[in-house]
Each structure stands twice: as C-alpha cells, then as structure tokens.
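One structure is given here, and the rest of the page talks about it.
Remember, it's a predicted structure, so these values are computed and weren't measured experimentally.
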Amino acid sequence: MAVVTVKKLLEKSKEWEENLNKVINITVERLEGDIKVKKLSKVEYLDILQSKSKDKDSETIYNCCIEPNLSSDEILNAFDCKDDPESIVDKIFTHAEKTQLVKIILKESGISGENIVTKIADDIKN
C-alpha cells in the first residue's frame with residue numbers, strides 16, 4: 001500500500017465530514033420496519049460516556065434516533081415516560097436490539113470498528 005499524502009488526507013477529511021451528516025437506516029425485524037438514526041460525533045459520544053445516565057446504550061439510542069422521534073410528547077406520554085424520557089428505549093426495543101443498534105451507530109460514526117488499522121511488518125535489513 002502507498003504512503004498517505006497530504007492531498008489524500010484532505011480528500012478523506014472532506015468525505016468524512018460529509019459522511020458524518022448522513023442518516024443511517026436500520027431495519028428492526030421484530031418491529032417490521034426501519035428506524036432512522038443520526039451518527040454521533042466524538043464530542044457527543046464523550047458527553048454520553050461522562051453523563052450520569054445509568055444506561056449508556058439507552059442514552060445513545062435516545063439521542064440518535066430521528067424516526068421515530070423518541071423525544072416527542074406523543075410517544076413519551078403514550079408510554080408514560082415523560083419523567084424519564086430515556087426509559088422509552090427499553091419499552092420499545094429488546095436488550096438484543098439495543099445492543100445491536102448501539103454497535104451499528106458506533107461503527108457507522110467511526111467510533112468503533114474491527115480490522116480498520118493494520119500494522120505492517122518492519123523492514124528487514126540484511
């Protein structure tokens with residue numbers, strides 16, 4: 001593989017910024033439909049990690065879910081979650097769904113992932 005140039009870094013940086021604003025569509029089989037979530041910025045993710053919330057997964061989903069809008073009065077009142085809005089997540093999604101949703105959000109946001117960086121062998125000198 002070639003060495004990364006400044007030109008390449010600038011191109012990839014612009015692509016990354018544009019990509020961060022894209023919406024993620026995720027199918028939830030049990031609900032027989034898709035939900036739309038936004039990607040998390042590093043700052044938003046750090047805010048969640050530092051929050052006093054006991055359930056970081058619920059907070060992540062609550063903050064990222066665009067459609068359905070989990071913060072709407074209609075849904076919070078219907079599920080009796082007005083006093084604890086993030087609890088709506090547990091009333092809508094199973095634990096397994098929550099785990100997979102957060103995994104997808106973090107991966108698509110560039111916060112986690114597997115096999116994205118590889119160490120190359122050191123040059124062997126004879």
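- The cluster map of Ile, Leu, Val, Met, Phe, Trp and Tyr, joined by side-chain heavy atoms under 4.5 Å apart, puts Phe79 and Leu31 in the same cluster.
- With rounding to the nearest 0.5 angstrom, the OH atom of Tyr45 is 11.5 Å from the CD1 atom of Ile105.
- Counting heavy-atom neighbours within 6.0 Å of Asn25 CG, excluding the residue itself, gives a total above 12.
- Side-chain contact, Asn69 with Ser71: a donor N or O sits under 3.5 Å from an acceptor N or O.
- The minimum heavy-atom distance between Asp84 and Ser87, with the atom names listed, is O-OG, 2.6 Å.
- Nearest heavy-atom pair, Asp80 versus Lys91, reported as atom, atom and distance to 0.1 Å: O-NZ, 3.8 Å.
- Remark: the backbone N or O of Asn19 is paired with a side-chain donor or acceptor of Lys39 at under 3.5 angstrom.
- Checked by atom type and distance alone, the side chain of Thr99 pairs as donor or acceptor with a backbone atom of His95 at under 3.5 Å.
- Checked options Ile111, Leu20, Val102, Leu46; the residue passing with Leu40 is Ile111 (criterion: side-chain contact (heavy atoms from CB on, under 4.5 Å)).
- Counting heavy atoms from C-beta on, the side chains of Arg30 and Thr94 come closer than 4.5 Å.
- Between the CD atom of Glu29 and the CG atom of Asp34 there is a distance of 9.0 Å, given to the nearest 0.5 Å.
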Does the pair Lys82 and Asp73 meet the rule for a side chain to side chain contact (heavy atoms under 4.5 Å, CB included), with working shown? CA-CA 8 Å; Lys82 197 73 172 160; Asp73 286 338; 2.2 Å; yes

For Glu86 and Asp55: C-alpha separation, side-chain torsions, deciding distance, then whether side chain to side chain contact (heavy atoms under 4.5 Å, CB included) applies. CA-CA 9 Å; Glu86 289 173 13; Asp55 187 347; 5.9 Å; no

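- Cluster annotation: Val37 and Ile104 are assigned to the same hydrophobic cluster (Ile/Leu/Val/Met/Phe/Trp/Tyr, side-chain heavy-atom contacts under 4.5 Å, transitive).
- The closest side-chain donor-acceptor pair between Lys56 and Ser51 falls under 3.5 angstrom.
- The shortest distance between side-chain heavy atoms of Ile92 and Leu70 falls below 4.5 Å.
- For the atom pair NZ of Lys36 and CD1 of Ile24, the computed distance is 12.5 Å after rounding to the nearest 0.5 Å.
- Between atom NZ of residue Lys38 and atom SG of residue Cys64 there is a gap of 5.5 Å, rounded to the nearest 0.5 Å.
- Between Asp57 and Phe93 the shortest side-chain heavy-atom distance does not fall below 4.5 Å.
- Annotation: Lys12, atom NZ; neighbour count of heavy atoms from other residues, nucleotides and ligands within 6.0 Å does not exceed 12.
- Residues Lys98 and Asp90 form a side-chain contact, since some pair of their non-hydrogen atoms from C-beta on lies under 4.5 Å apart.
- With contacts defined as side-chain heavy-atom distances shorter than 4.5 Å, the pair Gln100/Ile26 does not qualify.
- Looking at heavy atoms from C-beta onward, Glu44 lies out of side-chain contact with Thr60 at the 4.5 angstrom threshold.
- Contact detail for Ser53 and Glu59: the closest heavy-atom pair is CB-OE1, 3.0 Å.
- How far OG of Ser41 is from CG of Asn21: 10.5 Å, rounded to the nearest 0.5 Å.
- Environment of NZ in Lys103: sparse, with no more than 12 heavy atoms of neighbouring residues, nucleotides or ligands closer than 6.0 Å.
- Put simply, Leu101 and Val23 are part of two different groups of oily side chains (I, L, V, M, F, W, Y) that touch within less than 4.5 Å, one to the next.
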